[in-house]
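Remarks on the structure that follows.
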2 protein chains.
Amino acid sequence: MRPLFHPAIEEVTVEAILHALSDPVRVAIYADIIGQQCSQNCSNFLNISDKPIPKSTLSQHFKALREAGLIRGERRGVEMHNTSRCAEIEQRFPGLIAAIVQAHNIQLQDKLRAEKSHKRKVARAK
Amino acid sequence: MRPLFHPAIEEVTVEAILHALSDPVRVAIYADIIGQQCSQNCSNFLNISDKPIPKSTLSQHFKALREAGLIRGERRGVEMHNTSRCAEIEQRFPGLIAAIVQAHNIQLQDKLRAEKSHKRKVARAK
DNA sequence: TCATTAGTTCAGAAATTATGAACTACAGGG
DNA sequence: CCCTGTAGTTCATAATTTCTGAACTAATGA
């Protein structure tokens, strides 16, 4: 198994970051890794979406996040230790990650509110 | 020709915005539309990249920006009047567009500096 | 009416992404 | 050591998305 590739911070591009985070599964993973201050092994995310994600697909998602420079992955025995590189990215592109994560949270809140109000509507209609 | 589709601001998603702006040609177009306070017609961008972009491709790029909610396009006689929707987006996702545009500018500056220093190196070597 | 300009649409080609199956790497027994 | 199980990667191909030339629409003006 060839060693995992991680770009140097100067090689990280905005395009790659935006592309990596434009996928709902990948942002969810990334948000989770940032949230847990420490790390995460991949299999925790098998059910991150509504439909279970095959592990080969998950592996590719982690690869995409790594190669965009968003996370660092290193082997810890049999499993993977994934950490976010947000401090480095913050240095290179100040405020970028924070703005994206915040926008995502706003969207999530909006969706939750919309679902709740829809439920109320359905309840009233009965 | 069916009328152009524009999502309502509540329907705009972070994923769609990031995806739209993860393409170098599209960010260039978008940055230009924001830069020019007013508008831009498409053909100005035929040579925005190093290689000329076919106009069907360009049309698709504009469509992607429109459908992501980033710009609004309306016919003005024979040509197109494109305006950014950044005020709306700022309201929904504060700071997002600014952070992305700023990150892009940083990257552009870095690239220019790198090119300059490379030229100096080549000059010294002669 | 015809020619011109600006842009869209469509269909097939090219590129990217998803996924099952096979494989690698490690850990913990026996 | 050699199994067995677990975690994750790789590879080949299927599914999806994107690109692009060609045909088309719509407006303008001579």
Side-chain angles (χ1 to χ4, degrees), chain A residues 1-6 13 15-30 32-33 38-68 70-83, chain B residues 1-6 13 15-30 32-33 38-68 70-83:
Chain A
M1 216 176 281
R2 72 188 69 127
L4 304 177
F5 172 72
H6 293 94
T13 68
E15 287 91 336
I17 290 176
L18 299 191
H19 178 251
L21 297 181
S22 71
D23 179 277
V25 173
R26 283 194 296 259
V27 253
I29 293 172
Y30 184 64
D32 203 294
I33 290 175
C38 51
S39 72
Q40 279 299 310
N41 68 339
C42 300
S43 313
N44 295 27
F45 299 102
L46 285 168
N47 295 298
I48 203 169
S49 167
D50 40 354
K51 50 184 70 177
I53 302 166
K55 64 176 185 167
S56 57
T57 305
L58 211 45
S59 178
Q60 300 286 29
H61 281 319
F62 274 88
K63 188 181 180 190
L65 289 170
R66 275 197 314 269
E67 300 197 341
L70 286 165
I71 65 173
R72 203 176 281 285
E74 51 176 324
R75 244 212 146 83
R76 281 284 171 88
V78 77
E79 58 189 36
M80 215 63 181
H81 184 88
N82 293 297
T83 46
Chain B
M1 216 177 284
R2 74 187 66 129
L4 303 178
F5 171 73
H6 293 93
T13 68
E15 287 91 337
I17 291 176
L18 299 192
H19 178 250
L21 297 180
S22 71
D23 179 277
V25 173
R26 283 194 298 259
V27 255
I29 293 173
Y30 184 64
D32 202 295
I33 290 176
C38 51
S39 71
Q40 279 299 310
N41 68 339
C42 301
S43 314
N44 295 26
F45 300 102
L46 285 168
N47 295 298
I48 202 168
S49 167
D50 40 355
K51 51 185 68 176
I53 302 167
K55 64 176 185 167
S56 57
T57 305
L58 211 45
S59 178
Q60 302 285 30
H61 282 319
F62 273 89
K63 188 181 180 190
L65 290 169
R66 274 197 315 268
E67 301 197 340
L70 286 164
I71 65 173
R72 204 176 280 286
E74 52 176 321
R75 241 212 150 83
R76 282 283 171 90
V78 77
E79 59 189 37
M80 215 62 181
H81 183 89
N82 293 295
T83 46

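Computed from a predicted model, the values in this text were never measured in an experiment. Letters A, B, ... are given to chains in the order of the sequence lines, protein chains preceding strands, and every chain is numbered from 1.
- As a whole-Å value, the separation of Met80(A) CE from dC26(C) P is 11 Å.
- What separates CD of Glu67(A) from P of dT9(D) is a distance of 11 Å, to the nearest Å.
- The separation between Leu65(B) atom CG and dT8(C) atom P is 12 Å, rounded to whole Å.
- Between the C1' atom of dG7(C) and the CD1 atom of Ile71(B) lies a distance of 13 Å, rounded to the nearest Å.
- Rounded to a whole Å, the CZ atom of Phe5(B) is 17 Å from the C1' atom of dT8(C).
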Problem - Steps toward side chain to side chain contact (heavy atoms under 4.5 Å, CB included) verdict (Thr57(A), Lys55(A)) - result: CA-CA 5 Å; Thr57(A) 305; Lys55(A) 64 176 185 167; over 6 Å; no
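- Not counting sequence neighbours, Arg66(A) has no partner by the side chain to side chain donor-acceptor pair (under 3.5 Å) test.
- Rounded to an integer number of Å, the gap from Glu79(A) CD to dC26(C) P is 14 Å.
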Handout entry: Pair Leu21(B)-Leu65(B), side chain to side chain contact (heavy atoms under 4.5 Å, CB included): steps then yes or no
Key = CA-CA 8 Å; Leu21(B) 297 180; Leu65(B) 290 169; 4.2 Å; yes
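- Here dG8(D) presents its P atom at 11 Å from CZ of Arg66(A), a figure rounded to the nearest Å.
- Look at CD on Glu74(B): it is 13 Å from P on dG7(C), rounded to the nearest Å.
- Taking each heavy atom of Pro24(B) and Glu15(A) in turn, the nearest pair found is CB-OE2, 3.9 Å.
- Under the side chain to side chain donor-acceptor pair (under 3.5 Å) criterion, His61(B) pairs with Arg26(B), not counting sequence neighbours.
- Each of dA26(D), dT8(C), dG8(D) was ranked by its minimum atom distance to the side chain of Arg75(B); first place goes to dA26(D).
- Here Ala16(B) pairs with Thr13(B), Ala68(B) under the side chain to side chain contact (heavy atoms under 4.5 Å, CB included) rule; sequence neighbours left out.
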Fill in the blank from the handout: Going 5' to 3' through nucleotides 14-20 of chain D and flagging B where a protein heavy-atom sits under 4.0 Å of the base, S where only the sugar-phosphate is that close, and - otherwise, we get ----SSB
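- Counting only heavy atoms from C-beta outward, the side chains of Thr83(B) and Ile71(B) never approach each other to under 4.5 Å.
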Hey, what are the protein-to-nucleotides 28-30 of chain D N/O distances that come in under 3.5 Å?
none

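- By the salt bridge (Lys or Arg N to Asp or Glu O under 4.0 Å) test, Arg72(B) pairs with Glu88(B), sequence neighbours left out.
- Side-chain contact between Asn82(B) and Tyr30(B) is absent, with no heavy-atom pair separated by less than 4.5 Å.
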